[in-house]
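Heavy-atom basis, side chains included; hydrogens, waters and symmetry copies ignored. Order of appearance sets the numbers: ligands from 1, and atoms from 1 within every ligand. Predicted model, so just to flag it, every value in this text is computed and none were measured.
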Amino acid sequence: MGCTSCPRHCPADRVTRKGFCGTTGLNIARVGLHLWEEPCISGQKGSGTIFFTGCNLRCRFCQNETISRGACGRDISTDTLGQLMLYLQDLGAENINLVSPTHFAEPIAETLQRYKPQLHIPVVYNSNGYESVEHLRRLEGLVDVYLPDFKYADDDLARTWSEADRYFETAAACITEMFRQVPHNIFRHGLLKKGLLVRHLVLPGHLENSKRVIDFLAQLSPDLYLSLMAQYFPTPAVRNDACLGRRLTQAEYDEVCDYLFSKNMENGYLQELESNSEAYVPDFGLEALDRVLAQLSSKPLS
Ligand code: SF4
C-alpha cells in the first residue's frame with residue numbers, strides 16, 4: 001500500500017521507505033517564536049512555528065533547503081507534537097504555525113483531535129498548496145487559519161521548477177476547499193483568528209504566471225486576502241540559472257501590484273523589495289530543538 005498523503009501517491013509506505021518528500025514517521029526541524037510572518041500572523045509576540053522536515057515539492061529555488069530535502073530533523077511522536085503546541089502556547093505564541101505540514105497531514109489531524117481542546121490560540125496551516133482535498137476535509141474544524149502558497153498558474157513552470165504535475169488544478173482545488181471551510185476572515189486586535197490568507201511569491205521574469213494566479217483568486221473572491229511576496233532571492237543552487245539567478249526588480253513587482261488593484265483586490269499585504277534577503281531565513285541548527293525536546297521529556301505528559 002502506497003502513500004496517499006499528497007497528490008503524488010508515491011509507492012513508498014513511509015514506515016520503511018521514504019517517498020518523494022524524503023521522510024518517514026513524523027519529523028520536525030525547528031520550533032520557536034517567529035516574527036517575520038505577515039503582521040496578522042506574527043503579531044507582537046511571534047508566531048509559534050513548528051517546521052516539519054521534508055517537502056512534497058522540490059523547488060529549485062527553495063529558501064529552506066536545509067530542511068525541505070529531509071536531511072535535517074528529529075523524529076517525534078504525535079504526543080510530543082501535541083506537547084510542543086502547548087509549550088509554544090505557554091511561551092506566549094500568538095498561534096501555532098505548522099510550516100510545511102502537507103506530508104504529515106494525518107498525524108497532525110490525529111494530534112489536533114487530542115490537543116485542540118487545550119489550545120486557546122489559533123492553529124495555522126502553512127502549506128505549499130500542493131495537497132489532497134480529502135486530507136484537508138479531515139482538518140475541518142481543527143485548523144483555524146489556512147496560509148497556503150499559490151505558486152504557479154503555469155503547469156510547465158511547476159514541472160520544471162518544483163517537479164510537480166498538475167500544480168495549478170491541484171492548488172486551485174485545495175484553495176477552493178480552504179475557502180469553503182473558512183470563507184470569512186476574523187481578526188482580533190490585528191491578528192487573524194480564523195480565515196484564509198494566500199501567499200504568492202512573484203518570480204523574476206514570470207509576471208504572466210503571477211497575473212494568472214491573481215485571476216484565479218479574484219474570481220474565487222475579490223475580497224480574498226493575498227500576501228504578494230517580493231522576497232525572492234537566488235539561493236546558491238540557482239545563482240547561475242538564466243531565469244532564477246537574479247532578484248525581482250521594483251518595476252516587475254509594481255506591474256504585478258497594478259494588476260492586482262485592477263482586479264479590485266485590496267485585502268492583504270504587499271512587501272518591500274528590501275525583504276528579499278537571506279537574513280530572513282531561520283537558523284535550522286538542531287541544538288535549540290534538542291534543548292526543547294529534552295525539556296519536554298523531563299516533564300510528565302499532560
Ligand atoms: S506525502 Fe511524500 S511519500 Fe506521500 S505521496 Fe506525497 S511525496 Fe509521496
Side-chain angles (χ1 to χ4, degrees), residues 1-31 49-78 80-82 84 96-113 123-140 142-143 146-152 155-178 181 198-199 201 237 284:
M1 172 84 175
C3 176
T4 57
S5 293
C6 92
R8 290 192 187 273
H9 289 197
C10 298
D13 62 8
R14 300 281 302 284
V15 178
T16 58
R17 204 149 59 92
K18 295 174 181 176
F20 184 92
C21 56
T23 57
T24 55
L26 177 59
N27 202 276
I28 60 168
R30 186 177 196 274
V31 170
T49 49
I50 301 176
F51 284 81
F52 292 91
T53 305
C55 184
N56 68 333
L57 292 182
R58 204 164 286 160
C59 303
R60 288 177 54 202
F61 49 86
C62 180
Q63 297 174 354
N64 291 343
E65 205 182 1
T66 321
I67 62 166
S68 67
R69 300 293 190 259
C72 150
R74 296 285 183 245
D75 276 319
I76 59 166
S77 65
T78 51
T80 302
L81 179 60
L84 286 170
I96 302 299
N97 185 346
L98 306 170
V99 186
S100 292
T102 302
H103 47 303
F104 296 122
E106 286 166 80
I108 286 172
E110 188 190 311
T111 306
L112 288 173
Q113 267 151 10
V123 173
V124 179
Y125 196 77
N126 181 346
S127 66
N128 61 32
Y130 192 61
E131 38 220 317
S132 145
V133 169
E134 191 193 329
H135 282 291
L136 290 175
R137 289 201 182 116
R138 288 191 202 145
L139 293 168
E140 186 165 6
L142 298 172
V143 166
Y146 283 105
L147 185 60
D149 292 339
F150 198 157
K151 293 174 184 289
Y152 308 107
D155 278 345
D156 288 339
L157 286 187
R159 226 171 279 120
T160 307
W161 287 350
S162 297
E163 297 184 39
D165 279 331
R166 300 189 302 119
Y167 178 91
F168 175 69
E169 102 182 47
T170 304
C174 289
I175 286 166
T176 303
E177 168 61 19
M178 293 170 182
Q181 290 185 23
V198 178
R199 286 173 165 169
L201 176 66
F284 291 118

Problem - Ring geometry between Phe104 and Phe52 (parallel below 30°, tilted from 30 to 60°, perpendicular above 60°) - result: tilted
Exercise for the section: Mind running side chain to side chain contact (heavy atoms under 4.5 Å, CB included) on His103 and Arg14 for me, showing each step along the way? Expected result: CA-CA 10 Å; His103 47 303; Arg14 300 281 302 284; 4.0 Å; yes
Practice task
Test Leu81 against Ile50 for side chain to side chain contact (heavy atoms under 4.5 Å, CB included), laying out the working first.
Solution key: CA-CA 9 Å; Leu81 179 60; Ile50 301 176; 3.9 Å; yes
Problem - Lys/Arg-Asp/Glu bridge criterion (N-O < 4.0 Å) met for Arg138, Glu134 - result: yes
Practice task
Measure from atom 8 (Fe) of ligand 1 to each N, O or S atom of Cys10 and report whether any distance is below 2.8 Å.
Solution key: yes
Practice task
Considering the heavy atoms of His103, write down every atom of ligand 1 situated less than 4.0 Å from one of them.
Solution key: 1 (S)
Exercise for the section: Please identify which atoms of ligand 1 are closer than 4.0 Å to at least one heavy atom of Cys21. Expected result: 1 (S), 2 (Fe), 3 (S), 7 (S)
Exercise for the section: For Arg14, counting its heavy atoms only, list the atoms of ligand 1 lying under 4.0 Å from any of them. Expected result: 1 (S), 3 (S), 4 (Fe)
Handout entry: Shortest protein contact, atom 4 (Fe) of ligand 1 (heavy atom only)
Key = Cys3 SG, 2.3 Å
Practice task
Classify the contact between His9 and ligand 1 as side chain, backbone, both or neither, using a heavy-atom distance cut-off of under 4.0 Å.
Solution key: backbone
Handout entry: Test: Arg159 and Asp165 ion pair at under 4.0 Å
Key = yes
Handout entry: Shortest reach to atom 6 (Fe) of ligand 1 by a heavy atom, considering only Ser5, Gly2, Gly19, Cys6
Key = Cys6
Exercise for the section: Would you please say whether a donor-acceptor pair under 3.5 Å links the side chains of Ser162 and Tyr167? Expected result: no
